[in-house]
K.L.:
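Pasting a structure below so you can have a look.
Every chain is numbered from 1 and lettered A, B, ... according to where its sequence line falls, protein lines coming before strand lines. Note that this is a predicted model, so its numbers are computed, not measured.
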Protein chains: 2
Amino acid sequence: MSRNPPENTGPAETELRQAIELLFYAYRDFIAEPDAMLAHHNLGRAHHRTIYFIGRYPHITVNELLDILKITKQSLNRVLGQLLNEGYVIQTTSAQDRRRRLMELTEKGRGLERQLTENQRIRIARAYKDAGPDAVAGFRKIMLGVITDDKDRHRFDPPKTV
Amino acid sequence: MSRNPPENTGPAETELRQAIELLFYAYRDFIAEPDAMLAHHNLGRAHHRTIYFIGRYPHITVNELLDILKITKQSLNRVLGQLLNEGYVIQTTSAQDRRRRLMELTEKGRGLERQLTENQRIRIARAYKDAGPDAVAGFRKIMLGVITDDKDRHRFDPPKTV
DNA sequence: CCATTTATATCAATAATACTGACATATATT
DNA sequence: AATATATGTCAGTATTATTGATATAAATGG
C-alpha cells in the first residue's frame, strides 16, 4: 500500500489574515463614496442597498427583500417608507396575490441608483480590466466559496428584463 | 499603419452587478457569526474590528487605528474605553514619544479574537482550498484593485512578531 | 524658551441602523 | 371557519457613528 501524500494543511495563517483584511478594506472603500453622496440626500447606506436590490429585481416583494438584506421587517419598513415618501420607489399590488406589494424604482429612483453605484462600477471595471479574465474567474470562485449557500436561489440569476 | 484592435469596452453590465453583489453577500455572511458571538459579550462589530487590528499590529497607536478603521476619534474612544475597562486590551506609553499609547491584547483579548475570527478563517480556508491557488491569486489581484490605494503603507506587511 | 503642533482624551448633542416584542389588517389557503 | 401568510405599525432600546468644543501632555521648530 502506498503512502498518502502529505496532508493539505490548508492556507497559512498569514494568508488567512490577509484575506480577512482584503475583505475589510475592500468593503470599507467600496461604500465610502456612495455613503458620502447619500448624505447629501439625507439618506443612508440602508437606502442604497434597498434601492439597489429593487432596481436589480423589479417587482420584488417585501419578504424577498428581507431575505436578501437579512434585517428585520421593522428596520426595512423605516427605510422603505422614506423611499416611497420621497418618490424613489413605487409599490403596486400583485394581481395573483393581493397581499403582496411589488416594488419598483421610479425614474428618480433609477437616477439615484445609477449615481450611487457608478463609483462602485468604476472600481470593479478597473480592477477587472487590470487583473484580466483569469483573475476574475478566481475572484468569483473565492467569493462564492465565502458566501453562505442558501436554498432559495434568487441570487446571480440574470436580472429580469423590465 | 495597422488598425488597432477593437476597444476593450470593459466588463459587461451583468458582470459588474454580479461583482457588487458578491461583495455585499460575502461581507454580510462574513460578519454574521462573529456578530452573534459578540452579542453574548455585550460587544459589537466595532469591538471586533478594533481587537482584530490591535492583535494584528501589536503596539499600534490610536492614530494608526483611526487611519485603518476610518472612523472618528470619538467613536473609537468609546469602543477602546470598553475594551480597556473589560481587560481585553492594555495600553503602554511609548518610550520614544510619551504622548503615544501603544495598544496590545491581553490574554483575554487574544482569546476573544481567536474565537471571533475562527469562523472567518474557516470560511476563507474552505474557499481557498476548494478553489485552488490560481483562484486565490486572482482573488487577491481583484481585491487589491478594488481597494483605494493610500500612501502610508501599513497594510499587508507581515505581522510584527510579538 | 516660547509658540505651535501632535497625540490623546472627554463632554454633549444628534443621527442612522438595527433590534425585540406586541399587535393589527387583509388576503389566501385548508 | 380556522389558520397561515404578507405586510404594516407602535413602542422601547442598543450600537455605531457623527459634529463640535474643549482639555492636557508632550514633542518640535524657530
K.L.:
Quick one: list whatever passes side-chain hydrogen bond (donor to acceptor under 3.5 Å, both in side chains) with A:R123, sequence neighbours left out.
P.N.:
A:E33, A:N119, B:T148
K.L.:
Partners of B:S94 by side-chain contact (heavy atoms from CB on, under 4.5 Å), sequence neighbours excluded?
P.N.:
B:Q96, B:D97, B:R100, B:L102
K.L.:
Does anything in residues 38-52 of chain B reach DNA chain C, meaning a heavy atom under 4.0 Å, and if so which residues?
P.N.:
none
K.L.:
State, to the nearest 10°, the angle formed by the axis through the first five base pairs of the helix from C:dC1-D:dG30 to C:dT30-D:dA1 and the axis through its last five.
P.N.:
30°
K.L.:
What nitrogen or oxygen pairs link the protein and nucleotides 26-30 of chain C at under 3.5 Å?
P.N.:
{"from": "C:dT27", "atom 1": "OP1", "to": "A:R98", "atom 2": "NH2", "distance (Å)": "3.1"}
{"from": "C:dT27", "atom 1": "O2", "to": "A:R99", "atom 2": "NH1", "distance (Å)": "3.4"}
{"from": "C:dA28", "atom 1": "OP1", "to": "A:R98", "atom 2": "N", "distance (Å)": "2.9"}

K.L.:
If you measure from CD1 on B:I142 to CD1 on A:I124, what distance do you get to the nearest 0.5 Å?
P.N.:
8.0 Å
K.L.:
How long is the straight-line distance from CG of B:L66 back to CD of B:E64, given to the nearest 0.5 Å?
P.N.:
10.0 Å
K.L.:
B:E13 and salt bridge (Lys or Arg N to Asp or Glu O under 4.0 Å): which partner among A:R114, A:R56, A:R121?
P.N.:
A:R121
K.L.:
With respect to the phosphate group of C:dT6, does any side-chain polar atom (N or O) of B:N63 fall under 4.0 Å of OP1 or OP2?
P.N.:
no
K.L.:
C:dT8 P sits how many Å from B:L84 CG, rounded?
P.N.:
13 Å
K.L.:
For DNA chain D, note the earliest and the latest nucleotide, 5' to 3', having some atom under 4.0 Å of a heavy atom belonging to chain B.
P.N.:
D:dT15 to D:dA27
K.L.:
Return the set of residues passing side-chain hydrogen bond (donor to acceptor under 3.5 Å, both in side chains) with B:T72 (not counting sequence neighbours), or none when no residue passes.
P.N.:
B:S75
K.L.:
Return the residues of residues 71-82 of chain B meeting this criterion: a heavy atom under 4.0 Å from some atom of DNA chain C. Order them by number, or give none.
P.N.:
B:K73, B:Q74, B:N77
K.L.:
Taking only Lys NZ, Arg NE, NH1 and NH2, and the carboxylate oxygens of Asp or Glu, determine whether B:R110 and B:E107 approach each other closer than 4.0 Å.
P.N.:
yes
K.L.:
To the closest 0.5 Å, what do you measure between CG (A:L80) and NZ (A:K73)?
P.N.:
13.5 Å
K.L.:
Distances under 3.5 Å between protein N/O atoms and the N/O atoms of nucleotides 1-4 of chain C, please, pair by pair.
P.N.:
none

K.L.:
Apply ring-ring contact (aromatic ring centres under 6.0 Å, His included) to B:Y52 and list each qualifying residue two or more places apart in sequence or on a separate chain.
P.N.:
none
K.L.:
Kindly state each residue pair satisfying salt bridge (charged side-chain N to carboxylate O under 4.0 Å, His left out) with at least one member in residues 78-89 of chain A, sequence neighbours excluded.
P.N.:
none
K.L.:
Please identify each residue that fulfils ring-ring contact (aromatic ring centres under 6.0 Å, His included) with A:F30, with sequence neighbours left out.
P.N.:
none
K.L.:
Mind listing the closest non-hydrogen atom pair of A:P34 and A:Q120 along with its distance?
P.N.:
CG-NE2, 3.6 Å
K.L.:
Using atom types as modelled and distance alone, determine if a side-chain donor or acceptor of A:R28 lies under 3.5 Å from a backbone N or O of A:L23.
P.N.:
no
K.L.:
Measure CZ/B:R28 against P/C:dT17 and give the value in whole Å, please.
P.N.:
18 Å
K.L.:
State yes or no: do A:L112 and A:I90 share one hydrophobic cluster built from I, L, V, M, F, W and Y residues joined by side-chain heavy-atom distances below 4.5 Å, directly or via other members?
P.N.:
no
K.L.:
Looking only at the aromatic ring of each residue, does the gap between the centers of A:F53 and B:F24 stay below 6.0 angstrom?
P.N.:
yes
K.L.:
Counting N and O atoms only, with roles assigned by atom type, does the side chain of A:T93 sit under 3.5 Å from a partner on the main chain of A:R98, one being a donor and the other an acceptor?
P.N.:
no
K.L.:
When rounded to the nearest 0.5 angstrom, what is the spacing between CG in B:L116 and NE2 in B:H41?
P.N.:
6.5 Å
K.L.:
Given C:dT8, is OP1 or OP2 found less than 4.0 Å from the side-chain N or O atoms of B:R101?
P.N.:
no
K.L.:
So, taking the atom named OG1 in B:T61 and the one named CE in B:M103, what distance separates them when rounded to the nearest 0.5 Å?
P.N.:
6.5 Å
